[in-house]
Structures are given as structure tokens and as C-alpha cells.
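These notes concern the structure reproduced below.
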Amino acid sequence: MAQAKKIGMYLLIVFVLYTIITSPDRAGELVQIGFDGISTAAKGVGEFMSRLVN
């Protein structure tokens with residue numbers, strides 16, 4: 001099982017590097033979308049906690 005996890009991690013790293021090298025503009029867009037999603041989720045959690053306290 002540990003061996004499969006290690007192989008999967010290497011494949012993921014290779015895929016990410018391939019994507020960045022072959023299409024840096026698209027890779028940048030994907031990172032931006034990811035950060036936007038995290039930001040939106042954090043705002044939602046903050047709003048939930050604020051309403052919960054009030």
C-alpha cells in the first residue's frame with residue numbers, strides 16, 4: 001500500500017510539472033481558480049461563525 005501511495009505521488013508531481021511546462025497560462029488559471037475557491041470557502045466559514053456567535 002505504501003508503495004502504491006509513493007507511485008501515485010510521483011505520478012501526480014510529474015503531471016503537475018508537465019502541465020506547468022506545456023501550458024503555463026492554463027496552469028496559472030487553475031491555481032487562481034483554486035485560490036478563489038479557498039478564499040470563498042474561508043469567507044463562508046467566517047460568516048457562519050459570525051452568525052453562530054450572534
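We number each residue from 1, following the sequence as shown. Since we're looking at a predicted model, the values are computed, not measured.
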| request: With sequence neighbours excluded, give me every side-chain hydrogen bond (donor to acceptor under 3.5 Å, both in side chains) pair touching residues 1-11. | output: none

| query | Are Leu12 and Leu17 joined in one hydrophobic group, where the rule is that I, L, V, M, F, W and Y side chains link up if heavy atoms are under 4.5 Å apart? | reply | yes

Give every donor-acceptor pair under 3.5 Å between a side-chain atom in residues 27-37 and any protein atom, sequence neighbours left out.
from: Glu29; atom 1: OE1; to: Arg26; atom 2: NH1; distance (Å): 3.3
from: Gln32; atom 1: NE2; to: Asp36; atom 2: OD1; distance (Å): 3.1

| Connected-component partners of Leu11 among ILVMFWY, side-chain separation under 4.5 Å | Ile7

| request: Hey, could you give me each pair passing side-chain hydrogen bond (donor to acceptor under 3.5 Å, both in side chains) that has a residue in residues 11-22? Not counting sequence neighbours. | output: none

Pairs under 3.5 angstrom only: tabulate donor-acceptor contacts from the side chains of residues 44-54 to other protein residues two or more places apart or in another chain.
from: Glu47; atom 1: OE2; to: Arg51; atom 2: NE; distance (Å): 3.3
from: Glu47; atom 1: OE2; to: Arg51; atom 2: NH2; distance (Å): 3.2
from: Ser50; atom 1: OG; to: Gly46; atom 2: O; distance (Å): 3.0
from: Asn54; atom 1: ND2; to: Ser50; atom 2: O; distance (Å): 3.3

| field | Partners passing side-chain contact (heavy atoms from CB on, under 4.5 Å) against Ile21 (at least two apart in sequence or in another chain) | value | none

